[in-house]
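In what follows, every chain begins at residue 1, and chains take the letters A, B, ... in the order their sequences are listed. Computed over heavy atoms, backbone and side chain alike; hydrogens, waters and symmetry mates excluded.
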Amino acid sequence: MPELPEVETVRRGLQPAMEGAKIMKADVRRKDLRFPFQKDFVARLEGQTVKGLGRRAKYLMADLGSGDVLLMHLGMSGSFRVLNDDEKTPGKFHFSRSEDRAHDHVVFQMSSGAAIVFNDPRRFGSLLYASGDGLAHPRLAKLGPEPLAPGFDADYLFRITRRRRVAIKQLLMNSRLVVGVGNIYASEALFRARIRPRRAARSLSRADAARLVRGVRAVLTQAIRSGGTTLRDYLGTDGAPGYFRQRLYVYERRGKPCRRCGTPVRSFTQGQRSTYYCPSCQK
DNA sequence: ACGCCCTCCTGTTGGC
DNA sequence: TGCCAACAGGAGGGCG
């Protein structure tokens, strides 16, 4: 489900309910998600105050009073819902599109009175307790630069694309090289940069690399502003969808006219994922 | 080091 | 109408 803009939107939604509040109770209803819950996961969390809520790549990071961190990843279908006091009555609210409570796997009761519910039908998400600032955790240690940070610039992208035969779209989705760009925004960024997704990475000129950096940054920034993209499941912490879908240029628009030139959008499968592009605008 | 392929899991959809 | 294969926003891991 969620790429950087959706995760960032979730972070902003969770922040008021978590920051400065204590985790009174952590109700873990399964033994595992993507990974088994650590043995002492609940014991280490309960009673801790959340000092701040940050993000690295697609991980949410709750900084805890102990100096450690709670890492939260949404996988493909994970979502958080914040329930305030007046919304806690069962049946009075809806969480997911299907209103199916069966996949509410973890509930945090916060001292603020809010309940924070993690729901994840496919269970590719994960919640991990990590020591220190968490950046040395194996899952984070090898991540590439943040696409919206200064380190992701034309020089960097040009450099890492040299000698790589891999298709540029797949390179964009390689989190060791740049984080946060998933299947939707890779297609959208390439459209903005006017580069075909199948191009070998090493075929990009310096000018291509510069346009692609701008394309990635622009699409992510604009999507954050719209609260992310809701295709199917994704909902924010308040249950509202993201509105960037109506601003997509190519994703899920196969056969529809390109919003720039009118040529029908094409799609094909690349690395077992759908890719979309305009055969006229992108070279 | 790199590139390709498969896997985890459930729910929904589209084609016959 | 019903069945079932294909597919869905991530990413770890194995293999050549």
Side-chain angles (χ1 to χ4, degrees), chain A residues 1-10 30-36 55-60 71-80 95-105 118-128 137-144 147 159-189 197-203 219-220 223-224 226-236 241-245 247-248 250-255 267-276:
Chain A
M1 152 181 56
E3 303 182 37
L4 187 151
E6 291 74 38
V7 177
E8 179 59 23
T9 300
V10 169
R30 298 184 50 87
K31 68 176 194 326
D32 61 7
L33 291 171
R34 174 72 177 82
F35 307 106
R55 179 188 59 73
R56 170 78 174 107
K58 296 170 189 168
Y59 287 88
L60 294 167
L71 302 175
M72 299 173 277
H73 198 290
L74 302 175
M76 289 282 266
S77 62
S79 58
F80 280 99
F95 183 94
S96 57
R97 294 259 141 148
S98 58
E99 311 208 13
D100 182 355
R101 327 276 332 141
H103 304 296
D104 287 356
H105 303 310
F118 181 69
N119 178 287
D120 187 3
R122 293 177 72 180
R123 305 202 299 275
F124 292 163
S126 55
L127 301 182
L128 301 164
H137 189 280
R139 293 268 148 0
L140 303 193
K142 293 176 179 173
L143 293 174
R159 181 164 57 78
I160 64 171
T161 52
R162 296 310 88 190
R163 291 192 181 79
R164 287 180 187 264
R165 299 166 183 271
V166 72
I168 185 60
K169 189 216 177 195
Q170 293 179 279
L171 182 140
L172 280 182
M173 293 172 64
N174 181 344
S175 62
R176 289 174 175 238
L177 302 177
V178 60
V179 301
V181 183
N183 203 40
I184 298 178
Y185 299 112
S187 282
E188 293 295 313
R198 264 187 285 235
R199 288 262 304 274
R202 63 179 185 176
S203 78
V219 72
L220 296 179
I224 290 170
S226 297
T229 301
T230 296
L231 294 178
R232 296 168 189 84
D233 312 320
Y234 170 76
L235 296 174
Y243 297 101
F244 198 68
R245 189 181 192 176
R247 299 221 152 45
L248 297 174
V250 288
Y251 194 84
E252 274 204 332
R253 289 180 49 80
R254 177 184 191 154
S267 76
F268 65 100
T269 299
Q270 194 174 23
Q272 289 114 239
R273 326 295 299 244
S274 303
T275 298
Y276 298 82

Hey, does the side chain of His73(A) come within less than 4.0 Å of dA11(C)'s phosphate (OP1/OP2), counting only N and O? yes
Interatomic distance, Lys169(A) NZ vs dG10(C) C1' [rounded to whole Å]: 12 Å
Rounding to the closest angstrom, what is the interatomic distance between dG9(C) and dG3(B) at atom C1'? 23 Å
Length of the line joining Arg176(A):CZ and dG3(B):P, which is rounded to integer Å: 13 Å
Are Arg273(A) and dC4(B) close enough that a side-chain N or O sits under 4.0 Å from OP1 or OP2? no
Between Arg165(A) and dC2(B), is there a contact of a side-chain N or O with OP1 or OP2 at under 4.0 Å? no
Set of residues satisfying side-chain contact (heavy atoms from CB on, under 4.5 Å) with respect to Arg56(A), sequence neighbours excluded: Met61(A), Leu135(A), Leu143(A), Glu146(A), Val179(A)
Nearest to the Ser274(A) side chain among dT10(B), dG9(C), dA8(C), which nucleotide is it? dA8(C)
Atom OH of Tyr185(A) and atom P of dA11(C) are separated, to the nearest Å, by 14 Å
Grab the CG-C1' distance between Asn183(A) and dA8(C) for me, whole Å please. 9 Å
Under the rule for side chain to side chain donor-acceptor pair (under 3.5 Å), what residues qualify as partners of Arg199(A), not counting sequence neighbours? Ser203(A), Asp208(A)
When we call it a touch if two heavy atoms are under 4.0 Å apart, what does Tyr59(A) touch: a base, just sugar-phosphate, or nothing? sugar-phosphate
Protein N or O to nucleotides 7-9 of chain B N or O, pairs below 3.5 Å:
from: dC9(B); atom 1: O3'; to: Arg123(A); atom 2: NH2; distance (Å): 2.9
from: dC9(B); atom 1: O2; to: Arg122(A); atom 2: NE; distance (Å): 2.8
from: dC9(B); atom 1: N3; to: Arg122(A); atom 2: NH2; distance (Å): 3.3

Interatomic distance where CD belongs to Glu252(A) and C1' belongs to dT12(B) [whole Å]: 12 Å
Does dA1(B) have its OP1 or OP2 closer than 4.0 Å to a side-chain nitrogen or oxygen of Arg163(A)? no
Using only heavy-atom distances, determine whether the side chains of Ser77(A) and Asp120(A) contain a donor-acceptor pair under 3.5 Å. yes
What interatomic distance, in whole Å, is found between P of dG11(B) and the corresponding atom of dT1(C)? 24 Å
In chain order, what residues pass the ring-ring contact (aromatic ring centres under 6.0 Å, His included) check against Tyr59(A), with sequence neighbours excluded? His73(A)
Results of side chain to side chain donor-acceptor pair (under 3.5 Å) for Arg198(A) - residues two or more places apart only: none
Would a distance-only check, ignoring hydrogens and angles, find a side-chain to backbone donor-acceptor pair under 3.5 Å from Arg101(A) to His103(A)? no
How long is the line joining OH of Tyr276(A) and C1' of dG9(C), in whole Å? 12 Å
Can you list the residues that meet the ring-ring contact (aromatic ring centres under 6.0 Å, His included) rule with Tyr185(A), with sequence neighbours excluded? none
Rounded to whole Å, CG of Leu220(A) lies from C1' of dG9(C) at a distance of 13 Å
Under a 4.0 Å N-O cut-off, is there an ion pair linking Glu3(A) with Lys58(A)? no
Suppose you measure atom P in dC3(C) against the same atom in dC9(B); what distance do you get, rounded to whole Å? 25 Å
Compare the minimum distances between each of dG10(C), dT10(B), dG12(C) and the side chain of Phe35(A), then state the nucleotide with the smallest one. dG12(C)
For Phe268(A), all residues meeting ring-ring contact (aromatic ring centres under 6.0 Å, His included), sequence neighbours excluded: Tyr277(A)
List the residues meeting side chain to side chain donor-acceptor pair (under 3.5 Å) with Asn174(A), not counting sequence neighbours, and say none if there are none. none
Give the stems involving DNA chain C, where a stem is 3 or more consecutive Watson-Crick or G-U wobble pairs (i with j, i+1 with j-1, and so on) under 3.5 Å. B:2-8 with C:10-16, B:10-16 with C:2-8
Just the rounded figure in Å: distance from P of dA11(C) to CG of Leu172(A). 14 Å
